[in-house]
Protein chains: 2
Amino acid sequence: MTSTGTDTALHADAARPSRREQILRAAAQLFAERGSRSVGVDDVGAAVGVTGPAIYRHFASKDAMLAEMLLRISERLLAGGTERVAAAGADPLAQLRALIAFQVDFALDNPALITVHDRDLPTLSDADAHEVRRLQRRYVEVWVGVLTALHPTAGVEACRARAHAVFGLVNSTPHLDSRLPRARTAGLLAAMAEAAATSSSQA
Amino acid sequence: MTSTGTDTALHADAARPSRREQILRAAAQLFAERGSRSVGVDDVGAAVGVTGPAIYRHFASKDAMLAEMLLRISERLLAGGTERVAAAGADPLAQLRALIAFQVDFALDNPALITVHDRDLPTLSDADAHEVRRLQRRYVEVWVGVLTALHPTAGVEACRARAHAVFGLVNSTPHLDSRLPRARTAGLLAAMAEAAATSSSQA
DNA sequence: CGCAGATGTTAACGACGGTTCACGGCGGGG
DNA sequence: CCCCGCCGTGAACCGTCGTTAACATCTGCG
C-alpha cells in the first residue's frame, strides 16, 4: 500500500511512474487476451497512444518486457505470501486462511497477470524462465509448509500437489464472467479453497 | 474404451489411424510445451519424422490443425460429461462424483490437451473459436445443472463460478510433477474437488 | 506393364513483425 | 541563447515461418 510497494524491481527509476508502467499494464492486458506472440509491438504502442518503435525507449526488447512483467508478478506473490504468513501467527489454519485471502485478492484484482503468468512462461529466455520458476517454487514452498502443518501424515509431494490444485482453483478468475459482486466471488473462492485445502487426505 | 471412442469427429476417415493422428498427438505435445505460435510446422513434422510441408498432405493449414484439436477436446468433454451424468442416476451427489471422476481421468490422461485447450483458444479463427466456446459452454452447463441441484439456494451465477473453480482445480494436472502414483493423485484431486464443490455457500 | 493416387522432399515465395536508423521537437541548465 | 538528453516518428532492414510449386517414390490395380 505504501508508495514503495509499486517498485518491486531492480530498476532504479522510481521517478518514472508514467509511461513505462502504462506500457506494462497495457501489454499485460493485451498479452492476456491474445497471447504475447500474437500481440505486436505496434499493438502495445497503440494501446498507450504511441507508435511501435517508441517502446524501445523504455524496454530493450519485447522479450525484456515480458520478462519484467513475469518477474514482478512472481516477486509480488512471493513477498506477499511470505508476509501474510508471518503476520498470521503460529496457527496453521490461520496461516492458510491468510494465504488464501491473499491469493484470492490478487487473482481478482489482476486476472490478466494471472493469465500471462502461466501462459507465457515458455516464451521467456532460458535464464529469465529459470529465475521466474525459482520464485514460483519458493512461493509454492510457502504453501507447502502451511499445508504440511495441516496434514502431518501426508507426504510433501501430496502437499505440493494440493498447493497447485488450490492455485488452479483460485486462479480460475480469468474465466469468470464477473456478473456477481466481487465480495461474493471472493467469499465463494475462499470457502472453496479452504474446503479443498483441508479436505481429508483420502477419497 | 471401444474402438469407436477415438473417432469423435466429423471426419469420415476412420481408416487412417496412423499418420494424421500421429501428427495431432505430436502437435498437441509441442503446443502444450511451447505454445502453438512458437511451434513451427517444421517442428511438428520433425516430431513425427517428416519435413514441414508434408503436414499439408494431412491438414489444410496449421490453424486447421489447432482447430480440429480443440474441437475434438471440447466434443470429448461434452460427450463424456453428458454420458457420465446420465449413467449416474438421479442422485445429484452421485452425478457430481461421476463428473469429477471423469474430469480427473481426462486431465490426468491428457495434460497436454488441457494446457492447449485454454491457452490457444484465442489464436483460433473467430468461427472456430465460437464453436469451441459453444461446446465449452454446454459442458459447463452440465456441471451447473448438477451443482444447482446440490445448492438449491445458490444462484446460477454462483454455481457457474463454482464450476469454473473446480475445473481450475482439476486441470492443475499439467503443473504436477508426477512423482506420486497416478491413483493417489486421482484420489487427492477427486477428494479436493468434491470438497470444493460441496462446500457451504458462504465463507 | 504402366497409370493413379497418396505421401514426401527440396526450393522458393511472400507476409508479418521485431528491431534499427536517421531525424525532429521539447524542455531545462550553463 | 543554445546545447543536450529524453521521447517520439516514419522508413527501412531482415529473419522467421506459413504456404505453395515442382518434382520423386511407392503401392496397388486394371
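To find a chain, count down the sequence lines: A is the first, B the second, and so on, and within it residues start at 1.
In terms of position along DNA chain C, the nucleotide closest to A:Ser36 lies nearer the 5' end than the nucleotide closest to the other residue of the pair A:Ser36 and A:Arg57. Residue A:Gly52 is the one, among A:Gly52 and A:Arg37, whose nearest nucleotide of DNA chain D lies closer to the 5' end (criterion: closest heavy atom).
The CG atom of A:Asp63 sits 9 Å away from the C1' atom of C:dG18 (whole-angstrom rounding). Distance, A:Asp42 CG to C:dG18 P: 7 Å, rounded to whole Å. Following rounding to the nearest Å, B:Ile55 (CD1) and D:dC17 (C1') show an atom-to-atom distance of 14 Å. D:dC17 atom P lies 16 Å from atom CG of B:Leu66, rounded to whole Å. Protein atom CZ of A:Arg20 is 14 Å distant from nucleotide atom C1' of D:dC7, rounded to whole Å. The nearest whole Å value for the distance from the CZ atom in B:Phe59 to the P atom in D:dG18 is 15 Å. Straight-line distance from the OH atom of A:Tyr56 to the P atom of D:dG10: 16 Å, rounded to whole Å.
At least one side-chain nitrogen or oxygen of A:Thr51 sits closer than 4.0 Å to the OP1 or OP2 atom of D:dT9. For D:dC6, neither phosphate oxygen OP1 nor OP2 lies less than 4.0 angstrom from any side-chain nitrogen or oxygen of A:His58. OP1 and OP2 of C:dA6 both lie 4.0 Å or more from every side-chain N or O belonging to B:Arg19.
Around atom CZ of B:Arg182, more than 12 heavy atoms belonging to other residues, nucleotides or ligands sit under 6.0 Å away.
Checked by atom type and distance alone, the side chain of A:Asp128 never pairs as donor or acceptor with a backbone atom of A:Leu124 at under 3.5 Å. Distance alone, capped at 3.5 Å, places no donor-acceptor pair between the B:Lys62 side chain and the B:Ile55 backbone.
Among the protein residues, A:Val48 comes within range of no part of the nucleic acid, since none of its heavy atoms lies under 4.0 Å from any strand.
Checked for salt-bridge contact, A:Arg137 and A:Glu141 miss the test: no charged N lies under 4.0 Å from a carboxylate O. We find that A:Arg72 and A:Glu75 are not joined by a salt bridge, their nearest charged nitrogen and carboxylate oxygen being 4.0 Å or further apart.
Each of C:dG8, D:dG18, D:dA11 was ranked by its minimum atom distance to the side chain of B:Lys62; first place goes to D:dG18.
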